[in-house]
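Here the structure comes first, spelled out in structure tokens, and everything after it is commentary.
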There are 2 protein chains.
Amino acid sequence: MNIAIVEDDPLLRENLKLLLSGEKNITILGAWGSAEEALPAFKKLSFDIMLVDLGLPGMSGIELIKKIKEGRPEIEIMAHTVFEDRNNVFSAIKAGASGYILKGSSPRELIEALHSLYQGGAPMSPKIARKLIMEFQDEGASEEYLLSHREKEIVKCTENGLAYKEIAEKLSISPHTVHTHIKKIYEKLHVKNRQEALTTARKKGII
Amino acid sequence: MNIAIVEDDPLLRENLKLLLSGEKNITILGAWGSAEEALPAFKKLSFDIMLVDLGLPGMSGIELIKKIKEGRPEIEIMAHTVFEDRNNVFSAIKAGASGYILKGSSPRELIEALHSLYQGGAPMSPKIARKLIMEFQDEGASEEYLLSHREKEIVKCTENGLAYKEIAEKLSISPHTVHTHIKKIYEKLHVKNRQEALTTARKKGII
DNA sequence: CATTAAATACCCCTTTAAGGCGATTGTATA
DNA sequence: TATACAATCGCCTTAAAGGGGTATTTAATG
């Protein structure tokens, strides 16, 4: 199977190349340090799997995954990263990653994961798998508890058309804090303004 | 009956005092030029009717009516103004006015209206009365047709989170025009931003 | 014919919203 | 004890929204 690597740490990048090249059935078609470098090269390249770091400088790994999947959905994506928080995991999966391996994993695990991915599996580190099943176990709960109590209070205020200042007064906090909360809310809901936040919140039954 | 007057035009204020003082059964307890001056004086004053101009400088007559009715709902309010537009009429009535006399009315009419109000009536200039019954004849229609076709289109666009520019493009008009329409919409719905407009529009079944 | 409303467009200006930074405190927990 | 998260406050910037005018054209209506 043909693999393309995108990893910004030069040392790790070379180590991955060496490690994987030694495996039978695995061919490394190249390794790049950023999405910006990789994308033009990919245009003339045919491969089966992209092994990608999420914490890239410039365009993020998530964005890169989206772009690849848009144009060439047949390519399997293996996310390889230190991030194990909810947002990164789910963003990567939604973007199109089918494998999610943490950087603490052993070489053996990584190689097995790549084979598994190639054969149609969805290999991921135990921690990540646990997060996924928890998400399904909790069902709506995870959505409901996505926003903290304070954040939900603020969403309800914005629903009534209150401005930052007015919310601040009502809750007896600084307008700056309101701003911070709202930024966090938008981030969590993957939206970029009030209208979207409110429609999303309604859809998820948060408010 | 004891009457308090709030009227910012000094000449008219004095004329009203002279005119009404001459009537039997009417006592003028005072006349003030603004809500800000009148409110403190009212605290130590007991009266039956407040004759109030809607177009006061500073706090509006509407606001003054609200404040009076909140604390002392037994006081009858006579709105006395040049405004005969829908918004002012309904705002005054919603705020708690039971009489609504236009400034063009004759002294005789005003005095009769005050007596009528004191006896539990709801005296108002014929033009105003007509507006009121039309509102009831139209029922829901008046709400639905409150906004013009174009305005409703624009409300629907804002519901989808579109910016002025985007709405302008979609409808092939200038962003300035969108701005103008939205100002008009806010005025009609008595709101001051998108969220309020949307909640109000939903409540009234406009969208 | 005069008035009114709707739709269009432009001007000025101030306020808000939102993104990107950083930073501290307290609490819970792995 | 380190890590994460929630909640708090701050600064800076740009873009958008909103409030105040004015003005023209067209259509309907008293």
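Quick note on labels: first sequence line is chain A, next is B, and so on, each numbered from 1.
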Set of salt bridge (Lys or Arg N to Asp or Glu O under 4.0 Å) partners for [X], sequence neighbours left out:
X         : value
Lys103(A) : Glu7(A), Asp53(A)
Glu63(A)  : Lys66(A)
Arg150(A) : Glu153(A)
Glu169(B) : none

* Does Tyr186(B) place a side-chain N or O at less than 4.0 Å from the phosphate oxygens OP1/OP2 of dG18(D)? ->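 Checking dG18(D) against Tyr186(B), a side-chain N or O does come within under 4.0 Å of OP1 or OP2.
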Length of the line joining [X]:[atom1] and [N]:[atom2], which is rounded to integer Å:
X         : N       : atom1 : atom2 : answer
Leu147(B) : dA7(C)  : CG    : C1'   : 14 Å
Glu187(A) : dC21(C) : CD    : C1'   : 14 Å
Leu189(B) : dG19(D) : CG    : C1'   : 16 Å
Lys192(A) : dA17(D) : NZ    : P     : 11 Å

* End-to-end axis angle, where each axis spans five pairs of the helix from dC1(C)-dG30(D) to dA30(C)-dT1(D), to 10° ->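 About 40° separates the two local helix axes.
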* Return yes when atom NZ of Lys183(A) has more than 12 non-hydrogen atoms of other residues, nucleotides or ligands closer than 6.0 Å, and no otherwise. =>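 For Lys183(A), atom NZ is crowded (more than 12 foreign heavy atoms under 6.0 Å).
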Give each protein N/O atom lying under 3.5 Å from an N/O atom of nucleotides 13-16 of chain C, with the pair distance.
{"from": "dT16(C)", "atom 1": "OP2", "to": "Lys165(A)", "atom 2": "NZ", "distance (Å)": "2.9"}

* Contacts to DNA chain D from residues 171-183 of chain A, heavy-atom cutoff under 4.0 Å, which residues? ->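 Ile173(A), Ser174(A), His176(A), Thr177(A), Thr180(A), His181(A), Lys183(A) - these, ordered by number, are the residues of the stretch whose heavy atoms sit under 4.0 Å from the strand.
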* How about Thr199(B) and Glu196(B): does a side-chain donor come under 3.5 Å of a side-chain acceptor? ->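 Side chains of Thr199(B) and Glu196(B): no pair found under 3.5 Å.
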* Base-contact (B) and sugar-phosphate-only (S) positions in nucleotides 25-30 of chain D, heavy-atom cut-off under 4.0 Å, - elsewhere -> ------
The criterion is side chain to side chain contact (heavy atoms under 4.5 Å, CB included); which residues satisfy it with [X], sequence neighbours excluded?
X         : answer
Glu14(A)  : Lys17(A)
Gln195(B) : Arg194(A), Gln195(A), Leu198(A), Asn193(B)
Asn15(B)  : Leu11(B)
Leu18(B)  : none

* Passing candidate, side chain to side chain contact (heavy atoms under 4.5 Å, CB included) with Val178(B), options Leu162(B), Thr158(B), Leu171(B), Ile167(B) ->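 With Val178(B) as partner, Leu162(B), Thr158(B), Leu171(B), Ile167(B) yield a single side chain to side chain contact (heavy atoms under 4.5 Å, CB included), made by Ile167(B).
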